[in-house]
Amino acid sequence: MLNRRKLLKALSLGTTALAAGLRWPRQASAQTAPAPTPIHEGNSLTIPPLLEGISDGMEKRFELQLQQGETEFFPGVKTPTLGINGSFLGPTLRCSRNDLIRLQVNNQIGEPTTLHWHGLHVPARSDGGPHQTIEHGERWEPLIRIMQPAATLWYHSHMMHKTGEQVYRGLAGMLILDDDVSKGLALPSEYGVDDIPIIIQDRRFKKDGTLAYMTIYDDMVQGMQGDIKMVNGVVDPYFVPTTTKVRLRILNAANARKYMLAFSDHRPFQVIASDGGLLTAPVTMDMLMLASGERVEIIADFSDGQPVTLVNVPMVSNYQDSPGAMSRIMRAMGSEGFDVLRFFPAAELRASAPVPEALTTIKRRHADEAVNTRTFRLQMGTGSRGGGDRGPTTGYRNGFGGGHGGGDYFINGRQMAMDYINERVKLGDTEIWEVFNSSPMPHPFHIHSGQFQILDRDGIAPPPHELGFKDTVLVKGRETVRVILSFVDFSDAEHPYMYHCHMLEHEDRGMMGQFLVV
Ligand SMILES: [Cu+2]
């Protein structure tokens with residue numbers, strides 16, 4: 001049982017976090033950071049164990065045990081969870097370009113699942129999507145050649161209708177790819193020391209300490225949003241930098257929440273990589289939106305030795321104030337400020353090398369390279385299940401107004417069906433995928449099979465930190481985002497890839513489709 005004191009402590013985190021977020025505007029001109037304290041409140045950040053595979057000279061073997069367990073998010077309170085080689089989340093898998101890796105996935109979670117390699121360019125049958133179901137007690141063993149540049153990717157359950165719940169319970173982890181380019185750059189790269197995985201999630205707990213999943217109406221509409229924020233499965237976390245610069249590989253592994261990340265004292269940071277790998281050059285920013293499924297690598301500077309907090313900046317919604325659930329939800333979304341991760345630099349910091357001015361080369365794609373344009377309309381249901389049959393050309397719009405959401409989601413008027421192939425593309429083709437969000441709520445759109453580039457948002461070129469490779473792109477309400485992608489290396493007339501909203505409760509409720517590369 002979650003005792004009352006701990007529950008109150010847990011609940012008070014939300015309040016603390018709010019206060020932390022709210023001090024954001026006030027601190028704009030103040031430099032009043034307190035001196036570092038030797039003993040820190042909260043919990044030291046756990047670094048997921050590194051798994052680099054066992055090599056036999058030909059291939060590297062990774063043993064992954066999907067299992068049930070109990071996790072103490074709060075002292076003395078055991079929460080039933082799922083994990084990979086542990087009780088919650090999984091190890092960080094690390095390998096290099098051209099490696100041949102054998103992933104031995106053993107399912108012991110008591111129900112069917114899958115394991116998807118998010119962002120990895122793999123044959124569809126090795127992708128770990130809903131068709132690669134692993135029954136309890138069974139092993140799935142894809143053999144994969146790494147054919148893409150260095151990047152921070154991840155892996156997670158992709159079980160049909162159960163992705164949200166299984167990821168929420170813990171089936172996710174980070175996957176790091178290296179290559180000659182990344183190894184040749186003077187970037188912080190000592191795992192767990194100055195190269196840190198930052199897996200951001202939020203959860204809600206019941207009074208008995210178990211995870212609350214899909215317990216209120218809003219969960220269906222906005223996806224799971226929890227009051228308890230965690231990094232790498234640690235609640236109220238802090239990290240002690242020992243170097244002047246630290247590379248943070250930030251993964252938004254939340255089921256649905258978007259994060260507007262910044263440092264509490266507004267210090268700038270350098271963005272060096274997006275979903276698919278390094279940018280051509282570091283981009284200096286002081287605030288960055290990361291939607292679920294997206295990753296970013298940043299270099300944070302702690303050389304002043306001052307404590308600082310990575311926070312979620314509260315956003316003010318300009319959504320119309322009208323009766324009904326949608327207005328209430330839209331106006332509340334993103335309005336909460338809270339701490340994500342506190343940093344207490346060590347008294348002595350080892351000097352890091354300057355961040356290289358040039359990182360890699362990326363050939364930007366042009367719209368005229370594409371042989372075809374496909375359109376995808378993201379739609380939220382209105383309470384009537386009949387909406388599913390209305391096609392993309394009917395002009396049907398999903399307005400919530402004063403009504404209520406039905407919790408069904410569509411792409412081009414259809415909900416994901418395992419036996420229906422939505423799109424067929426030709427091997428070798430380059431296409432433009434035009435994604436129009438007909439709803440007021442932003443949806444992160446993820447495409448399997450490889451990395452794409454963003455051409456434009458409502459006709460406007462993306463900002464510098466979005467000029468690299470991406471596999472997930474946030475499409476804001478009523479926005480049209482065009483991405484360009486090539487379908488290369490793997491064709492398969494039977495096994496499809498997925499495209500979907502990465503708010504997992506939307507994915508599970510229909511906002512997903514399948515395509516074959518033939
Ligand atoms: Cu969505």
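Read the numbers this way: they start at 1 and go in the same order the structure lists the ligands and their atoms. These figures come from a predicted structure and were not determined experimentally.
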Check: Would Y497 and E423 count as having a side-chain donor-acceptor pair, cut-off 3.5 Å?
Finding: no

Check: Among H502, H500, R414, Q415, whose side chain to side chain contact (heavy atoms under 4.5 Å, CB included) with M512 holds?
Finding: H500

Notebook entry, point to check: Which protein N, O or S atoms does the Cu ion (ligand 1) have within a distance shorter than 2.8 Å?
Noted result: H443 ND1, C501 SG, H506 ND1

Next item on the list: Would you tell me whether D218 and Q225 have side-chain atoms, one donor and one acceptor, within less than 3.5 Å of each other?
Entry: no

Item checked: Side-chain donor-acceptor contact under 3.5 Å, Q451 with D471 -> yes

Checklist line | H446: which of H118, H158, H156 passes ring-ring contact (aromatic ring centres under 6.0 Å, His included) | finding: H118

Checklist line | Residue that, paired with L153, satisfies side chain to side chain contact (heavy atoms under 4.5 Å, CB included) out of R295, R249, M174 | finding: R295

